[in-house]
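Just follow the structure's listing: the first ligand is 1, and inside any ligand the first atom is 1. If you read the sequence from its start, that first residue is 1, and numbering goes on from there. All values reported here derive from a predicted model rather than from experimental measurement.
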Amino acid sequence: MQNIDSYVEKNKDRFINELIELLKIPSVSADSAFKKDVLKTADEVKKSLEKAGCDHVEICETEGYPIVYGEKIIDKNLPTVLVYGHYDVQPADPIELWTSPPFEPVIKKTELHPEGAIYARGACDDKGQMYMHVKAMEFMTSTNQLPCNVKFMIEGEEEVGSVNLGKFVKENHEKLKNDVILISDTGMISKETPSITTGLRGLSYVEVEVTGPNRDLHSGLYGGAVANPINVLTKMIAALHDENNHITIPGFYDKVENLSDEERAQMAKAPFSLEDYKKALDIDDVYGEKGYTTNERNSIRPTLDVNGIWGGYIGEGAKTVIASKAFAKISMRLVPHQDWEEITQLFKKHFESLAPKGVKVLVKPHHGGQGYVTPIDSIGYQAASKAYEETFGKTPIPQRSGGSIPIVSLFEQELKSKTILMGFGLDSDAIHSPNEHFGIWNYLKGIATIPLFYKHFTELSKK
Ligand code: BES
Ligand code: MN
Ligand code: MN
């Protein structure tokens, strides 16, 4: 493919500035206070797809935030790549921990990013990575090198569970018909070691509520005589793991796929420094399920984590009180073959059974999704691998990720196509955390690598 490097070199300042403009709009899907901004972002994404050469770009309304769809069909006999990404972002809080405001992007140089990194909420997840595809498309159409058909589907509700996208996919099989789905919404091992994500974990997210007495009580007058919902809730949560950090929910592991010794040995070959890992997080030791390595714990093993817990008095000073209620939000990361709805039911049953008589327990399921694994012998994987070989000079390592993009398994189920996860982020990008950033090197590398995927995918499809 001609000129990709020189095209990137010539246009990089514009590529960076356009992304910065997109990052200025706070498209937080979880918080309705940002509704206008989320909608405005959809409009901007639409305009960018039009400029990149897509035809029929449209805003597809849903019951929630719209899906931006655009396509360029050059020849019905050629393969079609469907690009998926999301324009919504996570909430920025805790805002006070940001070194620069989350929606006022700035470029900062760091040890890891001597070329600079863009600091803003959504810089990596997923506006930056999504926009690499828009710019790759611009390159291919403006230099007359688009080798196949392309469809773009960019949604605004990924961070809140993609519920309306699921419906849209089910109702639009023909429109979304494709030969492969391409997503950049994951990471890679390091700048020196490219990798392709071959697995995602599933998710079950629930909220629990423990109710004790009908009102908040004086902790002296009643303390010791009635169940304290916070004491009870923490005890119940503690009971969800045993001394080996296995999850105690009966049936939880029944469908978990056990990797062979060979597969585990293969995984262990990926470069990883436990010392660097601990140092980056400022922890003295790692912690987790007995019998598994850190990289296994965060990818091929299921987990249960409290994401938030509250109740009682948390204001200044002290108040002597036994709260009437205590709450927690709990996520379970699941691995292939575990069914998220079944796991949610198993959790509910078990959690309710842990409650002592003096309290009432309510388990409210939020959202979830299935995990995903994809083989490395598919044309899509091979095309991606060849693309990285050209731009990184190295064969990428297949690696399962611990994160979740629940819509990916639904794509396979509904559209019968495989998803290739070409992520260019790094673990240190701090996605979902304060000071999220995306390396300019990574951004430009993504733009340069994506067109090669199209080229190789089209060539391999002909064989
Ligand atoms: N892009 C992430 C998922 C991700 C990040 C996968 C890095 C692999 C590596 C996505 O936007 C995300 O945050 N997903 C949520 C799930 C969703 C249902 C809210 C997650 O994993 O918590
Ligand atoms: Mn994402
Ligand atoms: Mn995310």
[X] to ligand 1: N or O pair under 3.5 Å?
X      : result
His432 : yes
His86  : yes
Asp125 : yes
Asp185 : yes

According to the interplanar angle, ranging from 0 to 90°, do the rings of Tyr388 and Phe424 count as parallel (below 30°), tilted (30 to 60°) or perpendicular (above 60°)?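 Correct class here is parallel.
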When you draw lines from the Mn ion (ligand 3) to NE2 of His432 and to OD2 of Asp125, what angle lies between them, to the nearest 10°?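 So the angle at the metal works out to 90°.
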Restricting to N/O/S atoms, is Asp185 within less than 2.8 Å of the Mn ion (ligand 2) or not?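 So Asp185 does bind the Mn ion (ligand 2) by this criterion.
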As an exercise, identify every atom of ligand 1 less than 4.0 angstrom from a heavy atom of Glu158.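 This gives 10 (C), 11 (O), 12 (C), 14 (N), 17 (C), 19 (C) as the contact atoms.
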Between Tyr69 and Lys175, is there a cation-pi geometry (under 6.0 Å to ring centre, at most 45° from the normal)?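 The answer is yes, since Lys175 meets both limits relative to Tyr69.
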Pi-cation contact, Phe103 with Lys24 (under 6.0 Å, within 45°):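 No, a cation-pi geometry is absent between Lys24 and Phe103.
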Qualifying residue for side-chain hydrogen bond (donor to acceptor under 3.5 Å, both in side chains) with Glu289, from Arg297, His241, Arg301: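 For Glu289, the side-chain hydrogen bond (donor to acceptor under 3.5 Å, both in side chains) check succeeds only for Arg301.
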Can you tell which part of Val160 has a heavy atom less than 4.0 Å from ligand 1: side chain, backbone, both or neither?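 Neither; no heavy atom under 4.0 Å.
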Which one holds for Thr197 and ligand 1: side chain close, backbone close, both close, or neither close, with close meaning a heavy atom under 4.0 Å?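 Under 4.0 Å from ligand 1, Thr197 contributes no heavy atoms.
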Verify the distance criterion only: is there a donor paired with an acceptor across the side chains of Glu155 and Ser162 at less than 3.5 Å?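 On atom types as modelled, these side chains qualify, holding a pair under 3.5 Å.
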